Number of protein chains: 2
Amino acid sequence: MADELPTSLMMFIASRAAVSRVLGAIHAAGHDEVTIAQARLLMGIDEDGTRLSVLADRAQVAKQTATALVDKLERAGYVERVRDPGDGRARLVRLTGHAHALLPVARAEEERIETEWAEHLGPERMAGLRDALEALREVTDPYR
Amino acid sequence: MADELPTSLMMFIASRAAVSRVLGAIHAAGHDEVTIAQARLLMGIDEDGTRLSVLADRAQVAKQTATALVDKLERAGYVERVRDPGDGRARLVRLTGHAHALLPVARAEEERIETEWAEHLGPERMAGLRDALEALREVTDPYR
DNA sequence: CTATATTGGTTCGTTAATAGGACCATTCTA
DNA sequence: TAGAATGGTCCTATTAACGAACCAATATAG
């Protein structure tokens, strides 16, 4: 074993496995067309709607990319664009009922992963892991 | 604070920051055309060459994708395809001198990140983080 | 109060990444 | 030795991503 992979690579491996499982659960629930990039954008939408540029920021993609992703999500019925009452230029991207049916599925699978990881590591190591990751956000999370 | 992000998402955030920095260092060293996907493939190449299908496996992409990536890397002068002496069907993808100039740059930046993270967390928390991530590989790493 | 700058989004055009399917050559195996 | 499996490639299509140019609405300078 004695593998000595970079810490960031080990994070990548684990997070990719999680993403893959969550997306699998989403697909299994019948939401076949949703892709990873689209899901990433969906996650950034607040309950009362979010501007496209904010969404782009959160997902760390260009505005044009966010536009394209929202286009697809809109065509598939997961979001709608409504005018921002406070600013005539802006529009708010809002989740539809269709999307609201989707979120619990994703959250449940995420829960399941979290539980399995905790079982595998034991409570202290899991707590330590989360603690370290939270601390790392201070130096790695450009948003917040 | 009290954020309660999923563990896997926090991993994603940190690993993305690291990838972004390593790629930045690579670009800053003059290797402008190399992309993330290409770098990911490069990392899987052993010193004495590696088969394309193994590469595809390691990077978790389809053979066709690996073919396309190797095409680009080959055109840019980072790898070469040589016949596998032991198997007439196979060809070995090997790093060129150009690529060998690149790897230390990536490794150095990775080192720097590792050091900064350790400083930010302190030695025990960093050790605990690595330990937990190594353990998680047992349930999340499809390769090994 | 107008002229200009900024902001929020979209459109156009291009490139990278990815994979399904078909396919060929070589090697393995029953 | 015939048929299955393996290693790669080609063709094609879709998604993701972004620079550049652009329009409409708002904010700001003079």
Side-chain angles (χ1 to χ4, degrees), chain A residues 12 16 19-20 23-24 26-27 31-46 49-76 78-94 142, chain B residues 12 16 19-20 23-24 26-27 31-46 49-76 78-94 142:
Chain A
F12 177 73
R16 174 162 62 179
V19 165
S20 166
L23 199 66
I26 289 173
H27 287 176
H31 300 271
D32 263 57
E33 331 89 341
V34 181
T35 67
I36 294 180
Q38 290 169 24
R40 204 125 62 207
L41 212 76
L42 275 180
M43 291 193 333
I45 303 177
D46 301 314
T50 306
R51 292 192 184 172
L52 185 135
S53 51
V54 173
L55 247 39
D57 224 46
R58 289 184 184 170
Q60 293 186 54
V61 297
K63 279 190 303 174
Q64 308 97 298
T65 304
T67 298
L69 291 173
V70 168
D71 282 350
K72 280 176 190 144
L73 286 168
E74 193 172 34
R75 245 181 288 124
Y78 291 102
V79 303
E80 54 186 356
R81 281 183 245 231
V82 300
R83 312 184 342 102
D84 184 334
D87 190 332
R89 294 165 296 186
R91 314 172 68 178
L92 295 176
V93 179
R94 281 209 318 218
Chain B
F12 176 74
R16 173 162 62 179
V19 166
S20 167
L23 199 66
I26 288 173
H27 287 175
H31 300 271
D32 264 59
E33 331 89 341
V34 182
T35 68
I36 294 179
Q38 290 169 22
R40 204 124 62 207
L41 213 76
L42 275 180
M43 289 193 335
I45 303 178
D46 301 314
T50 306
R51 292 190 184 175
L52 186 137
S53 52
V54 173
L55 248 39
D57 224 47
R58 288 185 183 168
Q60 291 186 57
V61 297
K63 280 190 302 175
Q64 306 97 304
T65 305
T67 298
L69 292 173
V70 168
D71 282 350
K72 280 174 192 149
L73 286 169
E74 193 172 34
R75 244 181 289 123
Y78 291 101
V79 304
E80 55 187 356
R81 281 184 246 231
V82 300
R83 311 183 349 99
D84 184 334
D87 190 332
R89 294 166 296 183
R91 313 173 69 179
L92 294 176
V93 179
R94 280 209 317 218

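What's counted below: heavy atoms across the whole structure, side chains too, no hydrogens, waters or symmetry copies. All values reported here derive from a predicted model rather than from experimental measurement. Each chain gets a letter, A, B and so on, in the order the sequences are listed, and its residues count up from 1.
Closest approach to the B/T35 side chain among C/dA17, D/dG7, C/dG8 is made by C/dA17 (side chain taken as heavy atoms from C-beta onward). Here the side chain of B/L52 is nearest to one of D/dG8, C/dG9, D/dA16, namely D/dG8. Set against D/dT9, C/dG8, D/dA17, the side chain of A/S53 has C/dG8 as its closest nucleotide. Between D/dT26, C/dT11, C/dA25, one nucleotide has an atom nearer to the side chain of A/R89 than all others, and that is D/dT26. Each of D/dT9, C/dG9, D/dA17 was ranked by its minimum atom distance to the side chain of A/V61; first place goes to D/dA17. For B/D87, counting side-chain heavy atoms from C-beta on, the closest listed nucleotide (C/dT26, C/dT10, D/dT26) is C/dT26. The side chain of B/A90 sits closest to D/dG8 out of C/dG8, D/dA17, D/dG8.
In this structure, A/E33 places its CD atom 17 Å from C1' of D/dA13, rounding to the nearest Å. Rounded to whole Å, atom P of C/dT18 lies 10 Å from atom CZ of A/R16. The CZ atom of B/R83 sits 16 Å away from the P atom of D/dG7 (whole-angstrom rounding). Taking atom CG of A/D71 as the reference point, atom P of D/dA16 lies 12 Å away to the nearest angstrom. If you measure from atom CG of B/D57 to atom C1' of D/dG7, you get 13 Å, rounded to the nearest angstrom. B/I36 has its CD1 atom 10 Å from the P atom of D/dC18, to the nearest Å. In this entry the distance linking CG of B/L69 with P of C/dT15 reads 17 Å, nearest Å. Following rounding to the nearest Å, A/L92 (CG) and C/dG8 (P) show an atom-to-atom distance of 12 Å.
Here the options are A/R91, A/R89, A/R83, the test is salt bridge (charged side-chain N to carboxylate O under 4.0 Å, His left out), and the partner is A/D87; only A/R89 passes. With A/V93 as reference, A/I45 is the one residue of A/V54, A/T50, A/I45 to meet the side-chain contact (heavy atoms from CB on, under 4.5 Å) rule.
In this structure, B/T65 reaches the C/dA19 phosphate: one of its side-chain N or O atoms is under 4.0 Å from OP1 or OP2. Taking 4.0 angstrom as the limit, A/R51 places none of its side-chain polar atoms (N or O) nearer than this to OP1 or OP2 of C/dT7.
Between the OG1 atom of A/T35 and the CG atom of A/L69 there is a distance of 6.5 Å, given to the nearest 0.5 Å. Between B/L23 atom CG and B/I36 atom CD1 the span is 5.5 Å, to the nearest 0.5 Å.
Taking the charged nitrogens against the carboxylate oxygens, B/K63 and B/D57 have no contact shorter than 4.0 Å, which rules out a salt bridge.
Within 4.0 Å of B/R81, counting heavy atoms only, lie sugar-phosphate atoms of the nucleic acid but no base atom. The residue B/A68 sits close to a base: some heavy atom pair falls under 4.0 Å.
Counting atom types as modelled, A/Q64 pairs no side-chain N or O with a base atom of C/dG13 as donor and acceptor under 3.5 Å.
The number of heavy atoms from other shown groups lying within 6.0 Å of CZ (B/R94) does not exceed 12.
Nearest-nucleotide assignment on DNA chain C puts the 5′-proximal partner with B/K72, out of B/K72 and B/Q60.
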